[in-house]
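Remember, predicted model here, so these are calculated numbers, not experimental data. Throughout, a chain's letter reflects where its sequence line sits, starting with A, and its residues are numbered from 1.
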There are 2 protein chains.
Amino acid sequence: MTLQQLKYLVAIADSGLNITAAAERLYTSQPGISKQLKLLEQELGVQLFTRKGKSLAAITPAGRDVIGRARRIMREAENIRSLASDLSGEQDGTLSIATTHTQARHVLPEVIKAFRERYPKINLELHQGTSEQIAELVAANRVDFAIATGSRQLFPGLVLLPCFRWDRIILVPNGHPLTGGNKKLTLSVLAGYPLVTYVFGTTGESSLKKAFAEQGLEPNVVFTARDADIIKTYVRMGMGVGIVAPMAYECQDQKDLTAISAAGLFPRVTTWLGFRRDAVLRRYMVEFVTLFAPQLTPQLTRQAAQLPTQAEVDALFDEEALPLRVGCEEGQERL
Amino acid sequence: MTLQQLKYLVAIADSGLNITAAAERLYTSQPGISKQLKLLEQELGVQLFTRKGKSLAAITPAGRDVIGRARRIMREAENIRSLASDLSGEQDGTLSIATTHTQARHVLPEVIKAFRERYPKINLELHQGTSEQIAELVAANRVDFAIATGSRQLFPGLVLLPCFRWDRIILVPNGHPLTGGNKKLTLSVLAGYPLVTYVFGTTGESSLKKAFAEQGLEPNVVFTARDADIIKTYVRMGMGVGIVAPMAYECQDQKDLTAISAAGLFPRVTTWLGFRRDAVLRRYMVEFVTLFAPQLTPQLTRQAAQLPTQAEVDALFDEEALPLRVGCEEGQERL
DNA sequence: CGCGTTTACGTCGTTCGTAACGATA
DNA sequence: TATCGTTACGAACGACGTAAACGCG
């Protein structure tokens, strides 16, 4: 049994049991893969795949178990290599992040700008998706970091670092009846207006629906979208009142949109950054975390990474002490 | 990087940084090890050891991390081999158990006898030690199973299967004032006698001390020992009243010793069997578990082994439904 | 007959052991 | 000088790629 053989095995599994495809993926010859697989099966004395004629038809139960463990080995080997290139001071590498639209569009740009200046040679990959898609990418070890809001239970086995908290804001066209602060904004007032907000379903956003339900109110949601840009467009059109993340309210929006803080109306949410507990954190990764959330110093991040359970990670942080994110201050009204 | 190189690396670390010793341990030549280590360091671009002259002086921080991950890889590779030999129906292998004296002396003999008949070719290793020593052996992956009573928090990361429960018994010479059941046995009555019992310190036994303390009593412990044989000897000598596990009261003891159940006086304790969560359970291992605790069927054991947390394992079992162990029924009095 | 796997074979690189050398205490 | 690690070298092995054969749809 060699690392090579295990790598081949995993590649075959990842190529739909097509040895030729696995060979291409690994830039090597097909007979080589075939032979090493046979040698591995011979050494182990177990069929890892069922054959139909000469082709591989399915993975045997034994094969599934072996492949799973082989994946772990490959991951750990990758970790060793990664760790080593970090310590030998190499400045190349990749930082792969999966996140939601709000972060990618309104928070990450300036973070990434600073990061690129600091580490110009690091290859950056940004994947945008729903919480579920992010969870998938993380589980498959396709990304280094996941950044999302709420829905922590979707990400078992990750180290989740709280980064900042925020309260939703209400977006209305300038001069809207809700502006001016002459009457107190409550959920029941809000329920009287048509609402435009994020797609429900992800845990973070459905907490909004729950807030209404707890007061026996049924919000009149006339439009849902995945990103704030679309929501703002429809708010401008007068379709309804927007409920968005404060980061989405930029100063240029004050020309035609007024933001009203919804602090107190809905539960405050926490944006966190997560990574696999067994992953190697290269220097540039840790530094990225600090750029994203300054209170997460490199020492703190590394300390959290070594804790065996999320409960212990949580104990490191005082939720009340987390920075509170707001959007453009101008043109924004308090409750 | 090859599995071979990682194996050599771990062997060097385990041989006190002595390459020659590592070579002997691996039945290979010393220059081979030396060269592979150099190749590995070269490929990784990191010094794994600090050199003093030509000798290895210490492990670098990078080396410690790499070695740790190498160990994981070696363990997983071992798991693959083990899994494969099990599935290919090989009847050789080793079962290594770490346990306490009580289990080794009074419970395991008949279990092991049955196991040997079923699997005569399996090599059995039994290590007796304190809870702390057992925890060490398990952590170092030196044993397959740990069997102990109480003190679960000493064994993080293990799958702990509850096997049976038991109540301590009071051992006195025949005709002792405590026999006959003419007066109700209470802790305060017991506190009036000199006591002979197990060494305190292990969590399981100190619960005994706590039971006294909760009633404001200070037990008069005149002698502590690690095993029941010694305790029985001193009880026979009239040194005091013994408090032992019921399994230690054998039928031949009734000639000169009377056992009184202490159910209700002290908390009931649970004996469990534990193994590493990521370990491969070979067929004979699972069958051993069933021999040791019949309610732990092979299916149940394998199911528990796949659960990610101990909490979920615990949820599989109803503590009240666990078998209750008693010693020799004859010559034993109820409270 | 195309697609995919296995077999055959020649080449090349790697590993391994022996032996000699070097350094350190 | 004994101990331990490195260097040198030759033999053997093993991996890889090309080419050809085989089986299946």
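Between the C1' atom of C:dG4 and the CG atom of A:Leu17 lies a distance of 13 Å, rounded to the nearest Å. Distance B:Lys38 NZ to C:dT14 C1': 16 Å, rounded to the nearest Å. Rounded to whole Å, atom P of D:dA15 lies 13 Å from atom NZ of A:Lys7. Between the CG atom of A:Leu3 and the P atom of D:dA15 there is a distance of 13 Å, given to the nearest Å. Atom CD of A:Glu43 is separated from atom C1' of D:dG14 by 14 Å (rounded to the nearest Å). Spacing between atom CG of B:Leu37 and atom P of C:dC16 amounts to 14 Å, rounded to whole angstrom units. For B:Glu24 and D:dG5, the CD to C1' distance is 14 Å, given to the nearest whole Å. For B:Ile12 and D:dC4, the CD1 to P distance is 14 Å, given to the nearest whole Å.
The main-chain N or O of B:Gln47 is found under 3.5 Å from a side-chain atom of B:Thr60 such that the two form a donor-acceptor pair. Side-chain N or O atoms of B:Thr99 include none that pairs as donor or acceptor with a backbone N or O of B:Gln128 at under 3.5 Å.
Within the 4.0 angstrom heavy-atom criterion, only backbone atoms of the sugar-phosphate kind lie near B:Leu39; the bases stay farther away.
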inquiry  = Walk me through whether B:Asp227 and B:Arg105 qualify under salt bridge (Lys or Arg N to Asp or Glu O under 4.0 Å).
reply    = CA-CA 9 Å; B:Asp227 65 81; B:Arg105 167 79 173 77; over 6 Å; no
query = Does the side chain to side chain donor-acceptor pair (under 3.5 Å) test come out yes or no for B:Thr100 and B:Gln103, once each step is laid out?
reply = CA-CA 6 Å; B:Thr100 56; B:Gln103 308 303 321; 4.5 Å; no
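The residue among A:Arg51 and B:Gln5 whose nearest nucleotide of DNA chain C is located toward the 5' end is A:Arg51.
Remark: A:Trp272 CH2 to A:Phe145 CZ distance equals 12.5 Å, nearest 0.5 Å. Atom CG of residue B:Leu87 and atom CZ of residue B:Arg282 lie 9.5 Å apart, to the nearest 0.5 angstrom.
At the phosphate of C:dA23, neither OP1 nor OP2 sits under 4.0 Å from any side-chain N or O atom of B:Ser55. Contact between the side-chain N/O atoms of A:Thr20 and the OP1/OP2 oxygens of C:dC3 is not found at any separation under 4.0 Å. Checking the phosphate oxygens (OP1, OP2) of D:dG5, a side-chain nitrogen or oxygen of B:Asn18 falls inside 4.0 Å.
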message = Protein within reach of the bases, or only the backbone? For nucleotides 16-25 of chain D, mark each nucleotide 5' to 3' as B, S or -, using heavy atoms under 4.0 Å.
response = SBBB--BSS-
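For an aromatic pair to be called close, the ring centres must be under 6.0 Å apart, and A:Phe288 with A:Tyr284 fails this.
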